[in-house]
Amino acid sequence: MNGWTIWLVIAGMAVGTIANRAALIMLAGKFDLPQSVQASLRFAPAAALAAIVVPELFVHQGQVDLSLHNGKLFAGLAGFALAMLTRNTTLSMVAGMLALHGVGLLAR
C-alpha cells in the first residue's frame, strides 16, 4: 500500500465512525428502548473488555495455554482475585501488572 491509500483508509474509517455516532446521538431522543435492552446495554463495556483481555490471558502463539509457564494467566488471576477481595479497580490493575512483571523476572 502506498501513503495515499493508507490515508484514504484512515479517512474512510473516521467518516464511518463519526456517521455511526452521529446517527445514534440524533436518534437518542426519538424513541425509548425497552427496559430489557437498557439493562443489557449496561454490560456492554464489561463484555468489550473481556473480549480484549481473555485472549491475551489464555492464548499464546495461536494455542490455548493453560500451563504453569503462562505468566499472563497467573498475573490475570492475581488481579482478578484482588478485585474480588477489595473491589478496587486501580489496586487490582497495579497488582496484576506487578504480578506480570514479577513472573517475567522469575522466568529469566
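Note: hydrogens, waters and symmetry copies are ignored here, and every other heavy atom, side chains too, is used.
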Do you know the tightest heavy-atom contact between [X] and [Y]?
X     : Y     : value
Lys72 : Leu57 : O-CD2, 3.1 Å
Thr90 : Asn88 : N-OD1, 3.2 Å
Gly96 : Ala75 : O-CB, 3.5 Å
Thr86 : Ser92 : OG1-OG, 4.2 Å

What distance do [X] atom [atom1] and [Y] atom [atom2] have between them, rounded to the nearest 0.5 Å?
X     : Y     : atom1 : atom2 : answer
Leu91 : Leu82 : CG    : CG    : 4.5 Å
Asn70 : Phe58 : CG    : CZ    : 8.5 Å
Phe43 : Leu49 : CZ    : CG    : 14.5 Å
Met13 : Thr17 : CE    : OG1   : 7.0 Å

> Do other residues, nucleotides or ligands put more than 12 heavy atoms under 6.0 Å from the CD atom of Gln38?
Replying inline: yes
Any link between [X] and [Y] through a network of hydrophobic side chains (Ile, Leu, Val, Met, Phe, Trp, Tyr) touching at under 4.5 Å?
X     : Y     : answer
Leu66 : Leu77 : yes
Leu24 : Val37 : no
Val53 : Val64 : yes
Leu73 : Val54 : yes

> Does any donor atom in the side chain of Thr5 or Asn2 lie under 3.5 Å from an acceptor atom in the other side chain?
Replying inline: yes
>> Given 3.5 Å as the limit, does a donor-acceptor pair link the side chain of Asp65 with the main chain of Val59, or not?
In response: no
>> A side-chain contact here means heavy atoms from C-beta on lying under 4.5 Å apart; do Met93 and Met97 qualify?
In response: no
